[in-house]
Structures are given as C-alpha cells and as structure tokens.
Asks: 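Can you read through this structure? Questions will come right after.
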Amino acid sequence: MLTSISPIDGRYYRQVSELSSYFSEFALIRYRVQIEIEYFIALCGIPLPQLADFDRSRFEDMRNIYRDMTEEDAARVKEIEKTTNHDVKAVEYYIKSRFDSMGISPRHKEFVHFGLTSQDINNTAVPLSLMEGMQDVYLPQLYGVMDTLSSMAEEWGDIPMLARTHGQPASPTRVGKEIMVFAVRLSEQLKALQSVPFSAKFGGATGNMNAHYAAYPDVDWNSFAESFVEETLGLKRSYPTTQIEHYDNTAALFDALKRINNILVDLCRDMWTYISMEYFKQKIREGEVGSSAMPHKVNPIDFENAEGNLLMANAVCEFLASKLPVSRLQRDLTDSTVLRNIGVPVAHSIIALKSLAKGLGKLILNRTAIERDLSDNWEVVAEGIQTILRREGYPNPYETLKALTRTGEAVSDRTIRDFIDSLDVPDSVKDELRRLTPFNYTGK
C-alpha cells in the first residue's frame, strides 16, 4: 500500500477495508452482475412467453454467479471490457458466457440485459451499493460515537463548568449538558439522513421503456419496473426520468451527510479547545510521541485527524451534491465517472468517526482545572444577581452590576459578598443572593 495514491487505499486502508465490498471496482462489477441476474429472474416471473419454459430451479445457481464472485471473475469482466470498451456490455457478455457454461440455451440467454441501457444497471447498482455500505458500515460507526457521547453526558451530567461565549467567561453550565447538545444534534440530523430514499432509475434508453413496449406492448412495463426496483432491490424508483437517475435524492443524502459531519467538526474543535484549557487530560499511550522536538507534549491528534477527514469528506460531498443532479438533455457522461467516487466521502467520514471514538475514549475529566476556572470567575453570577434585583424592583440593577464587574479588577467571592451586604434589600433577598455561586448557578 506504500505506492497508493489515495490515503484511503494506503495509510488508512485498514480502517476502511470493509468499504471495498461496496465501493471498489470489484464491488461495482459484482453489483452490476447482481442487477442483471435478478432482472433476468424477474422477467421469468412475468412470465414472458419465451421464458415460460425456463427451469426455475436454476435461479439459485444463477444467483451464485454474483454471490460467489471472485476477483478472478471480475478480472474476466475487465478482460472482456478491453474489447468492448464498454463496462456494462462487458458484464452482459460475462454473464452470457457463464450461462453457456451452465448449459442455458442461446434463446434464453438473449434476455440478459433485454431492452435495457447501461444506466438501468448503473443507476440501480450504485444506489444499492451506497445503501448497503451506509447501513452496514457507516451507520454502526456513527451509532457508536453517539452512544459514547450519551454515556459521557450522563456520567458528567452534574459537574458544573464555566461556559464561554465569544471565548469569554459566561454563565456556568454542566459538562454533561454541553456534550448532550452534540448527541441530540446528531440524532436530529440522523433522522434527516435516514429519511432520504435511495433512488434508482430503471426505464430504458431515455426513460420510456421504448424497446420493452415495442417487443411486448401488452405488458405493463412501468409496473414491472417499479416492482423490480422497489420490491426486489429495496430501492425507490424514480419516475419519470431521462436516460439517467435525477440524483436529487443522492444529492440530498450527501447534503445530510455533510450536516452530520459539520456537527462532528464542531465537536472536534470544542474538545480540542477543552483539552487546551486542561478541562480534559488524555490517557497516555506507552511509546507514543506527541512532538519530535518537545518530549512533554500529548497532542489532541485524534480530534485533529477526525476534523481533517471530516472536512475532506465534506468537500467531496459538496461536489457530488452540486454536480450529480446536472446533466445535458437526456444525458451526458459526466455522472458516470463522478459516481465512481461516492465511496470517498463515506470512507473519510468513517476514518473520522473512528478517530473521534478513539479520542473520546482517551479523555480524562480534569475537575481541578474546571473548578479553578469557576473559582476565578465569580463575575459570572452577576447575571443571576441583577435578574433577582429586577424582580425586586431595585433601581438600575444591570447598570449597577456592570459597574461592579467591569472595573478591570478580578472579581472574587469577597467582592460579590461585600456588594450583596451593601444592597438596600430585605435580608431574605440577600440570603437568596448569597446562595448563588459559580458552582450552583447552572440552570437546568
């Protein structure tokens, strides 16, 4: 892998090797073979008159062509492609050659790719691979990070922490609540991601199933196509279409993935900042080096790695979402080459999720630093004090607290206590104000 151009297939391959089953050239060939064979079987189920005598007991052996497909089999397809200079036609010829070896008659094998154009295969094979890759590999990684965040939020739910707005000390919050914000955001955007259907085009050369209706005008080919795509393949059929899928839902999927990644970037940056503030320390891995020059350093490398990969994924997501829905007239070829990259943002997202999970697993809450910041910033209770004074009708409470806390001098617990003692309010109100501290002024 030292000669790989992309780090997905080199440095990071071990982390995303599972995706080869969905997004590699071998996988694309296998998915194409699957679509062609399932389509042939579906034609037998109509049944077309010329396929009425086809031996149904052969179906499972036919399915084993794609179920048991090897890299050597895929190499045979690529060898055929050298002659055809057309990748989908090479798949058709490969299947016919396999049918020959199975003793399937020439008149039957001519119903392989019957009435179809290459995009009927590509625009079902690709969304099928994307659907299964997301479900089988991506989502479990995302669920793992979300579960970790929820556990952390529960574990640290009662620990007060100084909040910062615009980087400045603000009304205190709780550690767990700040983490739960990310868990909830991810949960909401996951719903949006899962609401997007995996759409597929299946309708002949320009979407009208012209050849099908010419050959068999009495067959309801549109109903057949809908049943094949939605019931057999588990996808959502787009109708009507041109020669190709609209890709609008594919674009929506990548936009949804991008929003999830943006939330994760936000999380990485917050965790990076909390580590720099020493709110979290990191478990030290024996033998690991933080800097080639500074022996003391333990860098937040997992969050940095995750952030970089998330941004890389989003760059490709944005390109795919903007390019794929645009095509000249009934079709140009730009979608074909672009579609070969749909696994790239998924791979970078998974690398990021694994790095993020690793980084979260290293975190050690540093309560000493958190409590020190709370003790050093008593001015943050000014909001609560002036709000209670408003309730009591005290004159100009905001302006009074502003004058107290913006002198340029440190505000300590003694500063606050002396101020409360000086107020012309009932003792019961003073007692209420004295109970406010940076450690308990955290809301709910």
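Worth knowing before you read on, the calculation uses all heavy atoms, side chains too, and leaves out hydrogens, waters and symmetry mates.
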Asks: Is the shortest side-chain N to carboxylate O distance from Asp373 to Arg164 below 4.0 Å?
Replies: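 The answer is yes: the pair qualifies as a salt bridge.
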Asks: Would the distance check show the side chain of Ser4 and the main-chain N or O of Asp9 forming a donor-acceptor pair, the cut-off being under 3.5 Å?
Replies: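 Answer holds: yes.
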Asks: Checking Asn366 side chain against Glu278 main chain: does a donor-acceptor pair fall under 3.5 Å?
Replies: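 Looks like yes, one N/O pair under 3.5 Å.
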Asks: Check this for me: Gln194, atom CD, are more than 12 non-hydrogen atoms of other residues, nucleotides or ligands nearer than 6.0 Å?
Replies: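 It does: Gln194 CD has more than 12 such atoms within range.
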Asks: Please check if the side chain of Arg56 supplies one atom and the backbone of Phe54 the other of a donor-acceptor pair under 3.5 Å.
Replies: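 A pair under 3.5 Å: yes.
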Asks: Verify the neighbour count for atom CD of Glu71: are there more than 12 heavy atoms of other residues, nucleotides or ligands below 6.0 Å?
Replies: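 Counting neighbours around CD of Glu71, 12 or fewer heavy atoms of other residues, nucleotides or ligands fall under 6.0 Å, so no.
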Asks: Identify the two heavy atoms, one from Phe111 and one from Leu48, that lie closest to each other, and give their separation to 0.1 Å.
Replies: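 Result for this residue pair: CE2-CD1, 3.7 Å.
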Asks: Give a yes-or-no answer on whether the side chains of Gln135 and Tyr22 include a donor-acceptor pair shorter than 3.5 Å.
Replies: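 Absent: no donor and acceptor within the cut-off.
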Asks: For salt bridge (charged side-chain N to carboxylate O under 4.0 Å, His left out), just list the numbers for Glu60 and Arg63, CA-CA rounded to whole Å, side-chain angles, deciding distance to a tenth of an Å, and then say yes or no.
Replies: CA-CA 5 Å; Glu60 289 309 302; Arg63 287 186 169 113; 2.8 Å; yes
Asks: Answer whether the closest heavy-atom distance between the side chains of Tyr66 and Ile35 falls below 4.5 Å.
Replies: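 No, every pair of side-chain atoms sits at 4.5 Å or beyond.
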Asks: Checking Tyr13 now: which residues fulfil ring-ring contact (aromatic ring centres under 6.0 Å, His included) with it, not counting sequence neighbours?
Replies: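 Per chain and number, Tyr13 pairs via ring-ring contact (aromatic ring centres under 6.0 Å, His included) with no residue.
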Asks: In terms of side-chain heavy atoms, does Gln34 have a donor or acceptor partner in Arg30 at a distance below 3.5 Å?
Replies: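 No.
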Asks: Do Pro300 and Glu304 come close enough that some side-chain heavy atom pair is under 4.5 Å?
Replies: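 Yes - at least one pair of side-chain heavy atoms lies under 4.5 Å apart.
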Asks: Side chains of Arg174 and Thr442: donor-acceptor distance under 3.5 Å anywhere?
Replies: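 Yes, side-chain donor-acceptor contact under 3.5 Å.
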Asks: For the residue pair Asp335 / Gln119, report whether a side-chain donor-acceptor contact shorter than 3.5 Å exists.
Replies: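 Gln119 vs Asp335: donor-acceptor pair found between side chains.
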Asks: Using the six-membered ring wherever Trp is involved, compare the ring planes of Trp221 and Tyr213 and label them parallel, tilted or perpendicular (cut-offs 30° and 60°).
Replies: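 Judged by the thresholds at 30° and 60°, the geometry between Trp221 and Tyr213 is perpendicular.
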Asks: Show the numbers, then the answer: is there a side chain to side chain donor-acceptor pair (under 3.5 Å) between Tyr441 and Glu383?
Replies: CA-CA 10 Å; Tyr441 181 56; Glu383 178 197 38; 2.5 Å; yes
Asks: Does Lys236 NZ have over 12 foreign heavy atoms under 6.0 Å away?
Replies: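 12 or below, so no.
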Asks: Taking atom CG of Asn341 as the centre, does the number of heavy atoms from other residues, nucleotides or ligands within less than 6.0 Å exceed 12?
Replies: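 Atom CG in Asn341 is packed in, count exceeds 12.
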Asks: Go through the structure and list residues passing ring-ring contact (aromatic ring centres under 6.0 Å, His included) with Phe202, not counting sequence neighbours.
Replies: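 So Phe202 forms a ring-ring contact (aromatic ring centres under 6.0 Å, His included) with Tyr39, Phe228.
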Asks: Apply the test side-chain contact (heavy atoms from CB on, under 4.5 Å) to residues Phe26 and Ser21: give CA-CA distance (whole Å), side-chain angles for both, the deciding distance (0.1 Å), then the verdict.
Replies: CA-CA 8 Å; Phe26 167 62; Ser21 298; over 6 Å; no
Asks: Does a side chain donor of either Asp120 or Thr117 reach within less than 3.5 Å of an acceptor in the other side chain?
Replies: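 Judged by distance alone, the side chains do not pair up.
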Asks: Would you tell me whether Glu245 and Ser238 have side-chain atoms, one donor and one acceptor, within less than 3.5 Å of each other?
Replies: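 Distance-only check passes for Glu245 and Ser238.
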Asks: Decide if atom CD of Glu230 counts as having more than 12 heavy atoms of other residues, nucleotides or ligands within a radius under 6.0 Å.
Replies: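 Result for CD/Glu230: enclosed.
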Asks: Grab the two heavy atoms, one from Pro169 and one from Leu162, that are nearest each other, plus how far apart they are.
Replies: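 Pro169 and Leu162 have their closest heavy atoms at CB-CD2, 3.9 Å.
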Asks: Quick one: which residue pairs count as a ring-ring contact (aromatic ring centres under 6.0 Å, His included) with a foot in residues 132-183, not counting sequence neighbours?
Replies: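 ring-ring contact (aromatic ring centres under 6.0 Å, His included) check on residues 132-183 returns Trp156-Phe280.
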Asks: For the backbone of Gly308 and the side chain of His348, can you confirm whether one donor and one acceptor N or O come within less than 3.5 Å of each other?
Replies: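 No, because the side chain of His348 does not come within donor-acceptor range (under 3.5 Å) of the backbone of Gly308.
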Asks: Apply salt bridge (charged side-chain N to carboxylate O under 4.0 Å, His left out) to Arg76 and Glu72, showing your working.
Replies: CA-CA 6 Å; Arg76 288 175 59 191; Glu72 289 74 20; over 6 Å; no
Asks: Do you see a donor-acceptor pair shorter than 3.5 Å between the side chains of Glu132 and Tyr31?
Replies: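 Distance-only check passes for Glu132 and Tyr31.
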Asks: Can you tell me if Gln330 and Thr206 form a side-chain donor-acceptor pair at under 3.5 Å?
Replies: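 Looking only at side-chain atoms, Thr206 and Gln330 do not form any donor-acceptor pair under 3.5 Å.
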Asks: Say whether Lys323 and Thr334, considering side chains only, have a donor N or O and an acceptor N or O under 3.5 Å apart.
Replies: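 Yes - a donor-acceptor pair under 3.5 Å links their side chains.
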Asks: Side chains of Ser349 and Asn261: do they bring a donor and an acceptor to under 3.5 Å?
Replies: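 Asn261 and Ser349 do have a side-chain donor-acceptor pair below 3.5 Å.
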Asks: Any side-chain donor paired with an acceptor under 3.5 Å for His86 and Glu81?
Replies: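 There is no such pair (donor and acceptor under 3.5 Å, judged by atom type) between the side chains of His86 and Glu81.
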